[in-house]
Amino acid sequence: MKRTLELPYEEKKLLEIRKGDEVTLSGVLYVGRDMVHKRLYDAIRFSQPLPFQFESNGIYYMGPSPKKGSFPFGAAGPTTSARMDPFSPLLIENGLRLMIGKGPRDRSVISSIKEHKGLYLQAIGGCGALYASCIRKAEVVAYSSLGPEALMKIEVEDFPTLCIIDSEGEVL
Amino acid sequence: MLEDTIASAIVDASMFLPEHVEDLIKKAAKSEKNSYARFALSCIVENINLAREKELPLCQDTGMLYVFVEVGKDARFSYKALSGALEKGIKKGMKEGAFRESVVSDPVFDRKNTNTNLPPVINYFFVDGSDITLTFLLKGFGSENCSGVRMIRPTDGKDGVIDAVIDIVRSAGGKPCPPMFLGIGVGGTMDRAAILSKRALVYEGKKDKRYKELEEEILGKVNALRIGASGLGGAHTALSCSVLYEPTHIAALPVAVSINCWADRFVKVVVKGGFDEEDA
């Protein structure tokens, strides 16, 4: 089924989405990959403040190539989600329930999504130009020393994804 | 200038796929029956068209640059001149093409970004002829992380090779951005088989009939895994399989598999007559 999801998301809308749904995203997304996950994970463990509000927001696993042409980035497709698996359950538990990346997740992430009513959407791997063309604005929020791996906030429009794990923990 | 030719070749390779690669993807998109995989393939085709139209990199992982230098035995050749032109050309291309800074200088401790995408991985080969051929592969690492080597028994033969490949591809699953392109190296030593597997990805020359049949058989069995485009199922797990071999030891049968994502980005530059200090 085709659906749209406005971001930050409304609880009810998130829960409606089922595995296999084509979900088009519009609105604000946070962007972070390997090192951002390690830092968010450590911030929670050591009870330090988080650089953005987890509730109602989603995180996109991506590290862009520099600006080229008319969009904020040259290419901005998803990176492999499996590398975030060791960190995701703690983040989900603390409210970061919407994740967008590519490829399968491990069992601990699936059960954490089920327990906390999360959602994992897949962006199509390698489609850097396509996703760059869906991004309207971008700014660095934290960890700027990480360069292309910094934590960013972006605004997206008509960003195509597919639901792989829904809030019931059902996996496509 | 050779450095300018190199720069524009790699910039083009980041935006435009080799024609046969694009044809294979578009054919797969037309024939795929699984609706999820069809969605993925339609995004991929749209991405290919957008990258060309807007002159954007196909993928933000513009890769670590992997270079084969084939020096003809009768070519003019200066290592110093050629490696200088390669470094300058690559540096220039990375800037002009707005490549992502994807290379760190130390793999274990600092992981400090070199901020230049240098150094590339370069392999020199000496071949017949009087030209120098440079092949640039923009190697993404989502797929590189899924590549592997198996040292199987010499008595395992063809079936052992197939099993090793299937095992590596199965554990890769949806991670390497399928549909994949498979480069396979058999024989040599552990390291040599791995280099051969990369070479197989870009090889366009003649092949032994038995090895061609082996390629077909592997491709059939890989697609029977039904990992499919983006790991979503369907008929297109891999679009191409290329096998190269070399002599090996009586005790060994090394099998290496280099997995490439659907963005199988490579380009060749032929330097007629060779390259030395006078050309630099």
Side-chain angles (χ1 to χ4, degrees), chain A residues 1-2 19-24 31 33-35 38 60-71 73-83 85 101-106 122-135 145-149 159-164 171-172, chain B residues 11 14-15 25 35-37 39-63 94-102 111-113 115 140-143 145-146 172-179 227 229-233 261-265:
Chain A
M1 183 173 180
K2 287 191 183 184
K19 69 167 182 183
D21 285 351
E22 280 178 31
V23 185
T24 306
V31 174
R33 48 182 284 159
D34 306 64
M35 290 306 288
K38 197 159 184 271
Y60 176 35
Y61 307 149
M62 187 272 285
S65 67
K67 181 176 169 68
K68 193 183 181 209
S70 53
F71 309 114
F73 303 121
T79 196
T80 306
S81 304
R83 292 198 313 274
D85 286 352
K102 74 174 168 85
R105 309 305 304 261
D106 73 9
Q122 178 157 323
I124 303 306
C127 295
L130 173 64
Y131 287 106
S133 76
C134 301
I135 298 174
S145 65
L146 295 175
E149 284 199 84
F159 184 104
T161 69
L162 192 66
C163 177
I164 301 296
V171 183
L172 183 68
Chain B
V11 174
S14 76
M15 303 184 293
I25 293 169
S35 66
Y36 304 125
F39 170 70
L41 286 163
S42 74
C43 286
I44 290 170
V45 169
E46 195 184 338
N47 186 70
I48 291 168
N49 296 336
L50 244 156
R52 181 185 296 115
E53 188 191 314
K54 307 258 182 201
E55 301 207 347
L56 297 173
L58 286 150
C59 177
Q60 71 289 339
D61 186 357
T62 41
M94 297 291 166
K95 266 217 183 98
E96 284 174 4
F99 280 43
R100 189 179 69 185
E101 293 169 357
S102 302
R111 291 198 70 85
K112 194 176 164 352
N113 203 304
N115 301 117
F141 265 54
S143 58
N145 280 339
C146 301
K175 290 198 288 285
C177 287
I227 293 166
S230 284
L232 298 167
C261 54
W262 63 258
D264 188 34
R265 298 159 289 179

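By convention in this document, chain letters (A, B, ...) are assigned in the order of the sequence lines, proteins followed by strands, and residues within each chain are numbered from 1.
Interface residue A:K68: backbone and side-chain heavy atoms are both found under 4.5 Å from chain B. Using a 4.5 Å cut-off between heavy atoms, B:K54 touches chain A through its side chain atoms alone. Looking at B:A263, neither its backbone nor its side chain comes within 4.5 Å of chain A, counting heavy atoms on both sides. Proximity to chain A is absent for every atom of B:E53, based on heavy atoms less than 4.5 angstrom apart. The contact between A:Q122 and chain B is made entirely by side chain atoms (from C-beta outward), counting heavy-atom distances below 4.5 Å. Neither the backbone nor the side chain of B:I48 comes within contact range of chain A; no heavy atoms are under 4.5 Å apart. For A:A82, the part lying under 4.5 angstrom from a heavy atom of chain B is the side chain only. Both the backbone and the side chain of B:C43 come within contact range of chain A, with heavy atoms under 4.5 Å apart. Neither the backbone nor the side chain of A:S145 comes within less than 4.5 Å of any heavy atom of chain B. Only the backbone of A:P64 has a heavy atom closer than 4.5 Å to any heavy atom of chain B.
Shortest non-hydrogen contact noted between B:L58 and B:A51 is CD2-CB, 3.8 Å. Looking at every heavy atom in both residues, B:S102 comes nearest to B:G63 through CB-O, 4.3 Å. The minimum heavy-atom distance between A:P66 and B:F99, with the atom names listed, is CD-O, 3.4 Å. Closest of all the heavy-atom pairs between B:C146 and B:K175 is SG-CB, 3.8 Å.
Here the straight-line distance linking atom OG of B:S230 with atom OH of B:Y36 works out to 14.0 Å at 0.5 Å rounding. For the atom pair SG of B:C59 and CZ of B:R265, the computed distance is 5.5 Å after rounding to the nearest 0.5 Å.
No side-chain donor-acceptor contact under 3.5 Å links A:T80 to the backbone of B:G142.
By the neighbour-count criterion of 12 heavy atoms within 6.0 Å, atom NZ of A:K67 is densely surrounded, having more than that number from other residues, nucleotides or ligands.
A:T161 is listed as a side-chain neighbour of A:F159, based on a closest heavy-atom distance under 4.5 Å.
Note on B:N115, B:N49, B:L232, B:N145: by heavy-atom pairs under 4.5 Å with chain A, the leading option is B:L232. Across A:R83, A:M62, A:K102, A:E149, the residue that shares the most heavy-atom pairs under 4.5 angstrom with chain B is A:K102. For the set A:P104, A:G103, A:G125, the count of heavy-atom pairs under 4.5 angstrom toward chain B peaks at A:G125. Comparing A:A76, A:S81, A:G69, A:A123 by heavy-atom pairs within less than 4.5 Å of chain B, the highest count is held by A:A76. Of all the listed residues (B:S35, B:G174, B:G140, B:A40), the one sharing the greatest number of non-hydrogen pairs under 4.5 Å with chain A is B:A40.
A salt bridge is defined here as a Lys NZ or Arg NE, NH1 or NH2 lying under 4.0 Å from an Asp or Glu carboxylate O, and B:R100 with B:D61 meets this definition.
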